[in-house]
Visitor: 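Just dropping this structure here.
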Amino acid sequence: MPRHHHYDAVLVGGGVMSATLATMLAELEPDWNVLVLEKLEQVGAESSDMWNNAGTGHAALCELNYTPAGPDGIIDISKAVAINEQFQASLQFWAHLVDRGVLADPSSFINTVPHMSFVRNDDVPFLRARYEALSQHPLFAGMQWTSDHAQLKEWAPLLVADRSTDEKVAATRAEAGTDVDFGTLTQQMLAGASKNGVEVLTGHTVKTLRRRDSGWMVRAKGPEGRFEVTTPFVFVGSGGGALHLLQRSGIPEGKGFGGFPVSGQWLRCTNPDVVEQHAAKVYGQAEVGAPPMSVPHLDTRYSNGTKALMFGPYAGFSPKFLKQGSLWDLPRSVKAHNLLPMLAVARDNVSLMTYLGRQIVQSMDQRLEALKTFYPDAREQDWELLTAGQRVQVIKKGPRGGVLQFGTELVRAADGSVAALLGASPGASTAVDVMLRLLTECFPARQEFWGERLRTMVPSYGMKLSDDPDLLSRTLAWTTDTLNLGETSPRGRTAAPSSPN
Ligand SMILES: Cc1cc2nc3c(=O)[nH]c(=O)nc-3n(C[C@H](O)[C@H](O)[C@H](O)COP(=O)(O)OP(=O)(O)OC[C@H]3O[C@@H](n4cnc5c(N)ncnc54)[C@H](O)[C@@H]3O)c2cc1C
């Protein structure tokens, strides 16, 4: 049971989003009573868990869908730049938490793993154009290009082992790429928040939210039975479970939203010799009809210092909104107000449905075929199949009735008293940026008071690193050094850039 009946903030869910917000609030408002309610017995065990997501520190260094080509072939890098800026904010916040001793040894949750994009045949000109557009930008400086099999063999030998030298291939490589264990990060952040006074209760499920005066009554159930707490602010950070609670809150801003769940599977390599030969995250081009986040990639991962190799995800369909959810999740989410958008999405996304249908029925041989486009020499006996986390894509009202959106949507009441996070892409990598946005939108009156503290946590807060080369180089030196990414500065630990006024 919670210690109090009234809290200054209640955070639903113990994933990376709530953990980030709880950590920020503990530092911004040390006197607040903050409660985190997580329904599972452990925090960080749903989408944020290491094996439920790909752990890519999304900085647009390798994901081809962030740089679409226009009809004239010109590459639009604006989304890639925005995502990289967002990831820089995450790196800064994590470095700040390492400096403060909230996060332990950085290699327990983040490791340098070069990010590569890899294409074949007709996609080579697109990758070349992408490389030329991005490598001019300061956030992508140092990106390398090759179309040479011998160079590829040095970067990622599995890609060319047993591949005909007649095949046209090309790749880019960014040494600054990262692999992040968001589950461990979540656990460490919530343990730190707990020490700083945040109450974290696992095994507690929030059932509903009811308006109460200018705030909310949160009804929940724990091992000792049902209880209610009141609060002026609720964050619905329950991942796939957020849509149901948003609907139960009854706020008008939540009307019209629906969810489309996409499940996934990975292949994990069981042969240590193969694992040892690869050291990169290699992203390819999406198949026609594939949702952007289901582009398979061959990834080096680190779990508690142990190297692993994964391939996937293979998309699939399950009506569950959480991996540990219910088969009734999708049917229960259909309401009169979102029926039209949902039907419109079904009508307009036939190629996606066909793609998912094909993915669901595919055999192990077909999965291996997909793997062989990256690693031609792959053998079935070296790989095991794992189930990935669920992603619930956002459906919302749109010009033709409804649209399916692959990004993240922060839905909040007009008075800022409740906010829910829907969607899962670019996901955990941008948790810091999303929670900073939430703080700005839901607590406008606190901004002046928080400004300086926020700039201590994230020195580039409110600014664009792309516009300030000096701040960019100072923050990069600090995050690289503090998070042990790349080489450590011979001068010892780099200090955080001082916050500009
Ligand atoms: C296959 C896959 C690959 C991905 N790859 C990447 C990647 O490479 N990089 C990246 O940055 N992101 C990636 N993501 C996205 C990323 O995992 C998510 O965006 C992120 O983990 C979401 O965090 P969260 O805190 O919102 O949700 P979660 O981690 O799911 O946490 C929500 C929590 O709320 C709890 N909960 C639910 N309902 C209730 C309730 N009623 N009461 C109390 N608790 C409740 C759940 O048990 C859960 O612990 C991937 C996701 C998937 C599925």
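When a ligand or atom number is given, it counts from 1 through the structure's own listing order.
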Visitor: Can any side-chain N or O of Ser303 pair as donor or acceptor with the backbone N or O of Thr306 at less than 3.5 Å?
Guide: no
Visitor: Going by the order shown, which atoms of ligand 1 are within less than 4.0 Å of some heavy atom of His58?
Guide: 7 (C), 8 (O), 9 (N), 10 (C), 11 (O)
Visitor: Decide if the gap between the ring center of Phe118 and the ring center of Tyr283 is smaller than 6.0 angstrom.
Guide: no
Visitor: When you measure from atom 23 (O) of ligand 1 to each heavy atom in Gly55, Gly15, Ser48, Ala431, which option holds the nearest one?
Guide: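 Selected option, by shortest heavy-atom distance: Ser48.
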Visitor: Do Phe233 and Phe443 make the cut of ring centroids closer than 6.0 angstrom?
Guide: yes
Visitor: Can you tell me how far apart CG (Asp433) and CG (Leu438) are? Round to the nearest 0.5 Å.
Guide: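 Answer for the CG-CG pair, Asp433 versus Leu438, is 11.5 Å.
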Visitor: Any atoms of ligand 1 less than 4.0 Å from a non-hydrogen atom of Leu37? List them with their elements.
Guide: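 Ligand 1 atoms under the 4.0 Å threshold to Leu37: 43 (C), 44 (N).
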Visitor: Check each atom of ligand 1 against the heavy atoms of Ser429 and keep those under 4.0 Å away; list them by number with element.
Guide: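 Answer for ligand 1: 9 (N), 10 (C), 11 (O).
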Visitor: Examine Val206 against ligand 1 and note whether any of their N/O atoms are separated by less than 3.5 Å.
Guide: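 Right, the criterion is met.
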Visitor: Is it the case that Arg268 places NZ or CZ above or below the six-membered ring of Trp51, under 6.0 angstrom from the centre and within 45 degrees of the axis?
Guide: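 So Arg268 does make the cation-pi contact.
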Visitor: Does CH2 belonging to Trp328 count more than 12 external heavy atoms closer than 6.0 Å?
Guide: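 Not more than 12 within 6.0 Å, no.
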Visitor: Hey, does Ala54 come in under 3.5 Å of ligand 1, counting only N/O atoms on both sides?
Guide: yes
Visitor: State if Gly264 counts as touching ligand 1 under the rule of any non-hydrogen atom under 4.0 Å.
Guide: no
Visitor: Please could you name the atoms of ligand 1 that Gly13 approaches to less than 4.0 Å, counting only its heavy atoms?
Guide: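 Numbered from 1, ligand 1 contributes 33 (C), 34 (O), 35 (C), 44 (N).
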Visitor: Please classify the Glu38 to ligand 1 contact at 4.0 Å (heavy-atom distances, strictly less than): side chain, backbone, both or neither.
Guide: both
Visitor: Look at ligand 1 and say whether His204 reaches it with a heavy atom at a distance under 4.0 Å.
Guide: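 The answer is yes: ligand 1 sits under 4.0 Å from a heavy atom of His204.
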Visitor: Which option, Ser47, Gly240, Gly241, Gly183, owns the non-hydrogen atom nearest atom 17 (O) of ligand 1?
Guide: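 Among Ser47, Gly240, Gly241, Gly183, the closest heavy atom to atom 17 (O) of ligand 1 belongs to Ser47.
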Visitor: Of the side chain and backbone of Leu322, name the one, both, or neither that has a heavy atom under 4.0 Å from an atom of ligand 1.
Guide: side chain
Visitor: With a 6.0 Å cut-off on ring centres, are His5 and Phe227 close enough?
Guide: no
Visitor: Considering distance alone, does some N or O of Thr56 sit under 3.5 Å from an N or O of ligand 1?
Guide: yes
Visitor: Of the non-hydrogen atoms in Pro68 and Asn65, which two are nearest, and what is the gap between them?
Guide: CD-O, 4.1 Å
Visitor: Between the candidates Arg301, Met17, Lys39, which shows the shortest non-hydrogen contact distance to atom 45 (C) of ligand 1?
Guide: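 Among Arg301, Met17, Lys39, the closest heavy atom to atom 45 (C) of ligand 1 belongs to Lys39.
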Visitor: Check Tyr7 against Pro2 and note the closest heavy-atom contact, atom names and distance.
Guide: OH-CB, 3.3 Å
Visitor: Counting only heavy atoms, tell me which of Leu11, Thr430, Leu40, Asn52 gets closest to atom 1 (C) of ligand 1.
Guide: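 Among Leu11, Thr430, Leu40, Asn52, the closest heavy atom to atom 1 (C) of ligand 1 comes from Asn52.
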Visitor: Can you tell me if Glu46 uses its side chain to pair, donor with acceptor, with the backbone of Gly389 under 3.5 Å?
Guide: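 Checked: no pair found.
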Visitor: Of all the atoms in ligand 1, which lie at a distance below 4.0 Å from a heavy atom belonging to Glu46?
Guide: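 Atoms satisfying the 4.0 Å criterion: 30 (O), 46 (C), 47 (O), 48 (C), 49 (O).
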Visitor: Side chains of Ser460 and Gln88: does their closest heavy-atom pair fall under 4.5 Å?
Guide: no
Visitor: Relative to ligand 1, is Lys207 under 4.0 angstrom through side chain, backbone, both or neither, heavy atoms considered?
Guide: neither
Visitor: Where the closest heavy atom to atom 32 (C) of ligand 1 is concerned, which of Pro261, Gly57, Ser238 has it?
Guide: Ser238
